[in-house]
Number of protein chains: 4
Amino acid sequence: MAGSVNKVILIGNVGADPEIRRTQDGRPIANLRIATSESWKDRNSGERREKTEWHTVVVFSEPLCKVIEQYVKKGAKLYIEGALQTRKWQDQTGNDRYSTEIVLQGFNSTLTMLDGRGEGGGASRGGSDFGGAQSYDDYGSRPSSGGGSGSGASGGNRSSGSPLSRDMDDDIPF
Amino acid sequence: MAGSVNKVILIGNVGADPEIRRTQDGRPIANLRIATSESWKDRNSGERREKTEWHTVVVFSEPLCKVIEQYVKKGAKLYIEGALQTRKWQDQTGNDRYSTEIVLQGFNSTLTMLDGRGEGGGASRGGSDFGGAQSYDDYGSRPSSGGGSGSGASGGNRSSGSPLSRDMDDDIPF
Amino acid sequence: MAGSVNKVILIGNVGADPEIRRTQDGRPIANLRIATSESWKDRNSGERREKTEWHTVVVFSEPLCKVIEQYVKKGAKLYIEGALQTRKWQDQTGNDRYSTEIVLQGFNSTLTMLDGRGEGGGASRGGSDFGGAQSYDDYGSRPSSGGGSGSGASGGNRSSGSPLSRDMDDDIPF
Amino acid sequence: MAGSVNKVILIGNVGADPEIRRTQDGRPIANLRIATSESWKDRNSGERREKTEWHTVVVFSEPLCKVIEQYVKKGAKLYIEGALQTRKWQDQTGNDRYSTEIVLQGFNSTLTMLDGRGEGGGASRGGSDFGGAQSYDDYGSRPSSGGGSGSGASGGNRSSGSPLSRDMDDDIPF
DNA sequence: TTTT
DNA sequence: TTTT
């Protein structure tokens with residue numbers, strides 16, 4: 001549709017080590033279960049209560065799958081940004097069923113590790129290029145050298161790098 | 001859980017006139033179906049393709065239900081901000097089923113009308129207090145008089161209104 | 001820094017026809033002024049009050065600049081998603097000054113037109129490829145064919161298009 | 001304005017212990033400096049580069065100020081959600097100056113601690129009621145008992161608590 | 001300087 | 001079931 005937005009932002013913890021499958025043509029797909037929760041004090045009883053929500057996240061982005069494969073373990077705290085998608089499928093009795101998932105695919109998908117350890121499941125982390133929690137948009141981080149603007153004053157220049165290479169870890173994609 | 005965020009942001013069109021039910025104790029609950037869609041040019045065929053996603057939105061916030069009741073019609077374009085919630089229920093054969101909805105309830109829920117007409121279903125709009133599309137956080141809009149900060153210069157004062165009234169359409173909630 | 005997010009989401013109206021400059025090497029940079037505003041009823045006087053906030057948006061993304069050049073006019077309602085950046089410059093007396101802008105550059109930058117007409121400044125719109133308000137992430141819209149996941153049921157396939165082409169209007173970027 | 005949104009989402013680290021001032025009528029205002037940063041590999045040199053952005057955050061929300069006063073120290077990692085505001089002031093020579101800040105005030109403002117320790121400046125944490133990182137929307141967390149919707153099946157009831165109490169730590173604000 |  |  002014209003002028004529509006479909007965006008989900010979660011910060012939560014991974015419930016189990018991620019599963020990574022591959023399509024027939026070799027591209028990876030990662031599945032994550034992420035828990036968010038909120039707590040509040042019950043007005044009547046005065047007790048603190050908590051409710052946990054579980055989310056299914058499906059990652060089609062190849063660079064994000066690589067990050068997940070290497071660094072994301074059970075217990076890791078993640079920031080993720082994706083889109084809602086409801087998928088129709090048939091159960092064993094042939095009835096239509098629907099599952100809603102958060103899809104990370106292409107643009108505007110982000111996955112960022114928020115803890116420096118991948119705590120919870122044990123292991124994780126270690127790669128020398130991945131020094132702690134880090135942000136992984138597709139193709140590496142958003143470029144940042146920036147540039148100027150300004151009504152009259154200032155000049156905007158955005159110097160570093162060529163604008164049209166697209167390898168992951170590249171500097172300025174466009 | 002400590003430190004979690006569960007947020008959905010949608011801009012889309014309402015698929016049908018909203019349904020408003022009431023709980024036993026009289027509070028309203030509105031249900032909306034919202035469509036978002038995206039289009040892209042297929043790389044092989046060169047054809048433009050489009051995919052629509054349908055979202056179920058459940059509104060527990062009383063002020064937002066009032067806005068919906070009065071102004072939201074089939075076809076209206078909305079900005080909504082809520083949280084994901086998956087609800088378990090039993091189908092007629094007693095099997096567990098799950099439905100994922102976007103819940104607008106309390107804080108950090110927003111509904112904003114993005115077209116000035118409520119076009120689509122016909123009528124709508126017209127109230128003198130609601131001049132066109134408008135933003136409705138719970139209890140009216142976020143206060144805005146603001147105030148200053150500043151490292152050294154400036155003084156921050158936030159003058160208008162008492163901070164502790166809570167009627168809808170109030171000025172400064174806290 | 002590890003694990004950081006810097007995101008701005010605005011829906012507002014463009015205050016003047018956009019300015020588009022070009023860098024020495026020919027890349028476009030668009031400047032927009034966008035107004036957001038909120039209204040509330042003053043608690044004391046009972047009057048409705050309104051406060052408008054003006055935002056400076058700088059667009060480095062080439063595809064987004066093209067969209068702006070062709071379709072965005074004074075008065076247009078836009079959804080934009082970018083990042084905050086504070087730029088240092090010197091005024092005519094040599095004093096340091098700082099300007100904070102919303103930068104749209106590379107990933108996670110989005111600009112979507114929310115009105116079907118570019119109303120306000122007059123003209124606009126018309127291109128056959130741009131049928132009304134539309135979303136433009138860099139390189140065309142986010143792909144959407146999606147795919148499955150599911151713990152046991154369903155199979156995930158994401159069929160259309162080659163995953164590694166990167167022209168604007170392409171189908172599936174990664 | 002009708003139909004506008006002004007939202008900033010940051011995840012970053014606090015650069016110094018927060019300053020808390022008070023207005024003449026006793027309400028607190030907290031100032032935070034938050035750093036976000038992104039890194040990328042320079043396309044020419046192949047070096048990893050990093051750019052840090054500093055943000056000024058001004059908190060008018062009283063419950064959020066309390067949280068900041070008690071738990072937020074230099075080095076803490078925070079999620080914050082607020083609105084952009086540009087404030088005009090005069091420097092010592094009488095020239096107009098502008099500062100853009102992220103304001104947390106009333107609805108749709110959130111501050112969540114993302115590390116369980118307030119690492120960096122030392123101390124922090126300890127209160128028995130604040131067991132680790134936690135989310136603080138105004139007046140306690142968003143209620144979560146939720147309820148149902150559903151086209152035909154299921155019944156939605158949202159039972160707990162009265163909808164109109166407004167103390168912090170309350171359960172269901174509206 | 002926008003919009004309602 | 002919406003919208004362009």
Side-chain angles (χ1 to χ4, degrees), chain A residues 1-6 86 151, chain B residues 10-19 31-40 48-57 71-78 80 112-121 125-136 141, chain C residues 10-19 31-40 48-57 71-78 80 112-121 125-136 141, chain D residues 1-6 86 151:
Chain A
M1 179 191 321
S4 77
V5 170
N6 173 0
T86 297
S151 304
Chain B
L10 299 180
I11 295 177
N13 292 278
V14 176
D17 286 348
E19 302 166 32
N31 273 263
L32 298 171
R33 290 282 287 171
I34 295 185
T36 58
S37 102
E38 32 190 351
S39 69
W40 69 101
R48 181 144 290 280
R49 300 184 53 179
E50 181 165 355
K51 176 156 173 288
T52 296
E53 193 67 39
W54 285 97
H55 310 271
T56 298
V57 176
Y71 304 111
V72 175
K73 302 290 178 206
K74 176 181 169 184
K77 175 162 283 188
L78 299 181
I80 71 107
T112 300
M113 300 186 68
L114 294 176
D115 44 13
R117 289 142 296 142
E119 70 199 67
R125 195 52 37 72
S128 59
D129 193 37
F130 189 79
Q134 202 145 346
S135 175
Y136 279 81
S141 302
Chain C
L10 299 180
I11 296 177
N13 293 278
V14 176
D17 286 347
E19 303 167 32
N31 273 262
L32 298 171
R33 290 282 287 169
I34 294 185
T36 57
S37 102
E38 32 189 352
S39 69
W40 70 100
R48 181 143 289 281
R49 301 183 54 180
E50 180 164 355
K51 177 156 173 286
T52 296
E53 193 68 38
W54 284 97
H55 310 270
T56 298
V57 176
Y71 304 111
V72 175
K73 301 292 177 203
K74 175 181 169 182
K77 176 161 283 188
L78 300 181
I80 71 105
T112 300
M113 300 186 69
L114 294 177
D115 44 13
R117 287 141 300 141
E119 70 198 68
R125 194 54 38 75
S128 59
D129 193 35
F130 189 79
Q134 203 145 346
S135 175
Y136 279 81
S141 302
Chain D
M1 177 190 320
S4 78
V5 170
N6 174 0
T86 297
S151 304

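Chain naming here is simple, since letters A, B, ... match the order of the sequence lines and numbering starts at 1 in each.
- Residue Asn31(C) contributes atom CG, which lies 14 Å from atom C1' of dT1(E) at whole-angstrom precision.
- The nearest whole Å value for the distance from the NZ atom in Lys77(C) to the P atom in dT2(E) is 14 Å.
- Thr36(B) contributes no side-chain N or O that forms a donor-acceptor pair with the base of dT2(F) under 3.5 Å.
- With hydrogens and angles disregarded, no donor-acceptor distance shorter than 3.5 Å links the side chain of Glu38(C) to the backbone of Lys51(C).
- The distance from atom NZ of Lys73(B) to atom C1' of dT2(F) is 16 Å, rounded to the nearest whole Å.
- Both thresholds, 5.5 Å between centres and 30° between ring planes, are met by Trp54(C) relative to the base of dT1(E), so the two rings are stacked.
- The structure places CG of Asn6(A) at 11.0 Å from OG1 of Thr52(B), a figure rounded to the nearest 0.5 Å.
- With respect to the salt-bridge test (charged N to carboxylate O, under 4.0 angstrom), the residues Glu50(C) and Arg48(C) do not qualify.
- Of the candidates dT2(F), dT1(E), dT4(F), dT2(F) carries the atom nearest the Ala35(B) side chain, counting heavy atoms from C-beta on.
- Nearest to the side-chain atoms of Ala16(C) among the listed nucleotides dT1(E), dT2(F), dT3(E) stands dT1(E).
- In terms of polar N and O atoms assigned as donor or acceptor, the side chain of Thr52(B) comes within less than 3.5 Å of the base of dT2(F) in a complementary pairing.
- Side-chain N/O atoms of Thr56(C) and Arg33(C) include a donor and acceptor closer than 3.5 Å.
- Taking atom NZ of Lys51(C) as the reference point, atom C1' of dT2(E) lies 15 Å away to the nearest angstrom.
- Following rounding to the nearest Å, Asp17(C) (CG) and dT1(E) (C1') show an atom-to-atom distance of 11 Å.
- For the pair Asp115(B) CG and dT3(E) P, the computed distance is 16 Å after rounding to whole Å.
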